[in-house]
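Each chain gets a letter, A, B and so on, in the order the sequences are listed, and its residues count up from 1. As a basis for the values below, the full set of heavy atoms in this structure was taken, side chains included, without hydrogen atoms, waters or symmetry mates.
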Amino acid sequence: MAQLSDGTKIRLTSGDEVIVSEHIGGGGQGDVYKVSLNGKEYALKWYANGDIISSIEFRKNLKRNIEAGSPSPKFLWPLYLTEEMYGSYGYVMELAPAGYEDFSKFLLAKVRFGSVAACVESALNIVEAFRDLHGEGYSYQDINNGSFFIDATTGDVRICDTDNVAPNRENLGVAGRQRFMAPEIVRNISRPDKYSDYFSLAVILFMLFHIWHPLEGRRFDNFPCMTEHVELKLYGKEPLFIFDPGIDLNRPHDTSNASRFWKRYPKFFRDVFCKAFSQESIRIDSADDLDRISRCRVDENIWRAALVNLRSCLVKCPSCGADVFLDMGFGTTCYNGKCGNRILKTLTLFFLGGKYRVPVYPGVEIRKCMVDGTSTDRSTVVGCISVNPQKKDMVGLKNCDSKPWQRVLNDGSCRIIEPGRSSQILPGDEIRFDHGSSCKVLG
Amino acid sequence: MSEQIGDNGWYDDVKIDRKKVVLFFVIDTSGSMCGKKIETVNDAMRGVIPEVKRISNDNVDAEIYIAVMQFDNSAVWITSEPQKADDFDWSDLSARVYGGTNLIDACYKLEEKLSKSNKNGFMVNASASSTYAPIIILMSDGYPNGYPNDKSYEHVIDDLKKIGWFKAAMKAAIAIGDDAQKDVLSYFTGSMETVLEAHNPEALRSVIQFVTVTSTQIGTKSSDVSKKHVDEVVSKQGELIENIKNKYQFSNDADSDQDLW
Ligand SMILES: Nc1ncnc2c1ncn2[C@@H]1O[C@H](COP(=O)(O)OP(=O)(O)OP(=O)(O)O)[C@@H](O)[C@H]1O
Ligand SMILES: [Zn+2]
């Protein structure tokens with residue numbers, strides 16, 4: 001299939017016409033071009049793969065997705081379908097905004113996040129976008145490192161390649177690459193669905209935080225060469241998480257990025273990866289195991305809470321200024337080799353029965369979703385951990401909300417924390433908010 | 001302490017650990033390659049190397065290394081060891097006037113470098129953590145010395161096929177001109193489908209570019225998931241054949257009878 005040359009006009013089913021202005025790149029399924037439509041620039045995906053071009057189902061699904069509209073503004077969702085021309089067809093979507101870089105470039109260290117906070121923010125954005133997608137009853141089916149554009153400064157994301165998105169459990173023939181697909185897909189025991197998306201999502205998150213693949217450890221050294229059969233074994237038949245707490249046969253080398261980053265994250269966060277890649281959620285030998293893995297996989301709600309908590313743990317080392325994640329419930333050592341400063345264990349706030357956890361450390365912010373069990377607002381700041389200006393070693397909780405909070409002490413007595421005021425907090429205290437939501441102070 | 005901007009060294013010393021893929025070019029420089037043929041090969045190689053570099057640079061999974069051998073009366077490695085695509089520049093090969101086609105020596109020398117037991121081999125210390133299977137592209141316009149009576153090249157290729165690296169490799173061959181023996185080349189690659197014909201300079205240029213780009217694209221990524229049977233693998237060699245069929249489904253019969261050199 002020849003490439004479309006600049007200036008080629010392509011008719012849309014809406015009757016409009018786009019003009020090709022530049023070839024952006026090509027992948028397995030086709031090519032992407034910059035096009036203009038009524039004076040505005042868009043991206044056109046133009047298929048080159050015969051199976052897709054001839055598939056009535058594929059085109060029908062695209063049309064249905066266009067009509068339904070995007071589940072989240074984070075997707076570069078199909079907007080218009082083209083007519084069939086020059087032996088093929090395609091669809092028009094928004095261009096990735098300028099400055100948003102392909103995730104592959106982060107993995108190649110050609111681009112790095114402007115801050116660790118931006119990395120956490122990008123993970124939250126990715127997780128929320130997939131939550132919205134799955135919430136609409138779709139599955140994405142082919143999550144891989146080429147699916148994301150990320151703003152390295154803000155952590156905002158755009159997700160492309162949405163043309164394989166289909167109603168959960170309906171499959172249009174994509175199968176993806178072994179390295180990113182869930183073991184049940186690699187082994188072809190089932191077809192991509194929401195649960196296999198959960199697996200791929202965890203792989204992407206692991207790679208985002210470690211610049212390393214979660215299954216690629218020492219065991220790979222035992223095979224003379226990576227072949228299709230070795231891939232089937234290591235990603236399909238016998239997948240083993242490199243940091244599996246119970247089986248240490250696949251640890252990465254000490255100098256790997258995985259080893260370098262892993263220990264910088266708090267235990268509660270590492271534990272989520274351990275669960276996502278536990279044998280229970282990745283080992284599959286027959287279709288009988290599908291039910292188990294669907295129960296054991298980590299979904300977006302778990303990731304979302306874990307990432308919000310991770311963000312709460314991000315502070316500056318008081319000694320060297322490096323970004324440090326406080327290991328809630330433990331002391332933390334600054335990862336900076338030249339510093340090695342030890343930050344003592346702090347008190348922890350347990351919001352909503354422990355869904356959200358915040359270290360009692362100066363400057364850490366309390367968000368709306370933590371004090372209101374009905375809210376998903378993770379941005380609005382409703383409080384923070386403050387220092388008593390008279391007594392520098394006394395930390396407390398500041399109410400930045402519009403309503404008073406109630407502090408219930410160990411002995412059952414009550415104090416009101418008015419908006420704008422701070423109160424000392426002690427282990428055993430309970431803070432009560434509106435709607436029956438509350439938080440416990442634990443030692 | 002002033003507010004610090006940036007990642008504060010979080011990403012310092014990040015290592016980019018990509019797998020290595022060696023792309024072998026084994027090129028016939030016998031007497032019959034003199035003139036237009038070898039010129040076209042050189043020209044096409046100069047054209048395709050930048051594309052290989054780009055594929056290597058943008059690839060998250062693997063990095064490409066290039067090894068080149070030429071063979072006429074005997075075979076010689078042009079690269080003493082595989083070179084990073086990024087550092088590699090094509091040096092023009094010249095064909096040897098009256099030179100023979102010593103395919104047997106080419107196979108010996110390939111076997112030597114692919115053999116795991118050879119300390120000076122190209123694949124020592126390789127493992128699944130560090131290496132994808134190699135890609136081997138053979139180009140020839142003739143037949144081995146002694147062909148068709150002397151079939152000793154078959155024994156040598158049989159030996160080569162016992163080497164794990166050769167077995168695992170993605171293999172393709174380009175038959176240049178009308179005298180090229182496709183049965184010999186397919187004995188080497190393992191199938192007729194992976195032997196591409198080029199009967200004129202234009203076709204040769206395009207075939208070299210197509211085979212090199214397609215095989216490196218396939219060879220440098222994690223393999224596709226099967227859509228047919230449980231625990232079936234989609235072989236990369238099979239994917240290459242699929243791509244060749246797609247591209248040449250309407251075979252170049254227009255020029256297949258005439259040798260335009
Ligand atoms: N909406 C878009 N705006 C800007 N660039 C895009 C957009 N969509 C895709 N691209 C870029 O175009 C190139 C080709 O995209 P495409 O999705 O076809 O390739 P791929 O991801 O390599 O292939 P595959 O479909 O096999 O996963 C990639 O570099 C991709 O980053
Ligand atoms: Zn420090």
Side-chain angles (χ1 to χ4, degrees), chain A residues 28 50 102 104-105 107-109 112-116 118-119 145-146 173 175-181 185-189 191 211-212 216-232 234-237 253 255-257 260-261 264 316-318 320-323 335-336, chain B residues 1-21 57-63 116 123 125-134 164-165 167-170 217-218 221-239 246-247 249:
Chain A
D102 192 322
S104 308
K105 291 198 180 153
L107 297 174
L108 289 168
R112 47 158 86 171
F113 281 104
S115 64
V116 182
C119 175
N145 59 289
R177 283 183 270 147
Q178 305 212 29
R179 200 169 178 228
F180 293 95
M181 299 309 275
I185 310 303
V186 171
R187 298 193 68 175
N188 203 15
I189 288 173
R191 309 300 302 143
I211 317 189
W212 195 268
E216 295 175 1
R218 235 174 262 264
R219 221 158 51 114
F220 282 51
D221 298 347
N222 302 337
F223 300 88
C225 158
M226 182 52 88
T227 63
E228 300 86 319
H229 291 275
V230 175
E231 286 199 87
L232 176 65
L234 297 175
Y235 301 116
K237 291 183 184 173
H253 292 275
T255 55
S256 67
N257 296 338
R260 173 192 304 272
F261 286 114
R264 295 184 192 176
K316 300 274 182 231
C317 168
C320 73
D323 286 309
Y335 74 87
N336 175 355
Chain B
M1 193 186 49
S2 64
E3 182 66 18
Q4 302 217 15
I5 307 166
D7 64 31
N8 286 317
W10 187 264
Y11 294 105
D12 284 358
D13 307 319
V14 163
K15 289 201 313 179
I16 301 310
D17 259 319
R18 291 189 290 163
K19 290 184 186 61
K20 180 169 162 177
V21 178
N57 283 329
D58 293 348
N59 195 304
V60 172
D61 299 347
E63 173 171 33
K116 254 186 104 62
M123 299 301 187
N125 302 326
S127 77
S129 317
S130 61
T131 321
Y132 276 130
W165 282 113
K167 256 191 286 188
M170 216 193 310
Q217 272 168 347
I218 297 170
K221 69 178 176 69
S222 169
S223 60
D224 282 350
V225 166
S226 162
K227 294 177 223 164
K228 296 201 188 84
H229 307 290
V230 170
D231 289 347
E232 181 193 48
V233 301
V234 179
S235 89
K236 291 188 174 184
Q237 186 77 7
E239 213 186 324
N246 259 332
K247 166 100 177 169
Q249 49 186 328

Rounded to the nearest 0.5 Å, the OH atom of Tyr132(B) sits from the SG atom of Cys225(A) at a distance of 10.0 Å

Scanning both residues in full, the closest heavy-atom pair of Glu228(A) with Gln237(B) reads OE2-N, 4.2 Å

Sorted by chain and number, sequence neighbours left out, salt bridge (charged side-chain N to carboxylate O under 4.0 Å, His left out) with Lys105(A) holds for Glu101(A)

**Prompt:** Would Trp10(B) and Phe113(A) count as a close aromatic pair, with their ring centres under 6.0 Å?
**Reply:** no

Residue from His229(A), Arg218(A), Arg219(A), Glu216(A) scoring the most non-hydrogen pairs under 4.5 Å with chain B is His229(A)

Separation between CG (Asp231(B)) and NZ (Lys237(A)), nearest 0.5 Å, reads 4.5 Å

Scored by heavy-atom pairs under 4.5 Å with chain B, the best of Ile189(A), Thr255(A), Asp102(A) is Thr255(A)

The interface call for Arg260(A) against chain B, heavy-atom contacts under 4.5 Å, is side chain

Rounded to the nearest 0.5 Å, the CG atom of Leu108(A) sits from the CD atom of Glu63(B) at a distance of 10.0 Å

- Under 3.5 Å, is there a donor-acceptor pair between the side chain of Ser129(B) and the main chain of Asp221(A)? yes

- Message: With no hydrogens and no angle check, just 3.5 Å: does a side-chain donor-acceptor pair link Ser222(B) and Gln178(A)?
- Response: no

Correct closest heavy-atom pair for Pro224(A) and Lys116(B) would be CB-NZ, 4.0 Å

Under 4.5 Å to a heavy atom of chain B? For Ser104(A) that would be both

When the 4.5 angstrom heavy-atom criterion is applied to Leu232(A) and chain B, the contacting part is side chain

side-chain hydrogen bond (donor to acceptor under 3.5 Å, both in side chains) filter on Asn257(A), not counting sequence neighbours, yields none

Practice problem: Before accepting this row, confirm whether a basic side-chain N of the pair Arg179(A)/Asp61(B) lies closer than 4.0 Å to the acidic partner's carboxylate O. | Solution: yes

The side-chain contact (heavy atoms from CB on, under 4.5 Å) partner of Val225(B) among Met181(A), Arg187(A), Glu231(A) is Met181(A)

Scanning both residues in full, the closest heavy-atom pair of Arg112(A) with Tyr11(B) reads NH2-O, 3.4 Å

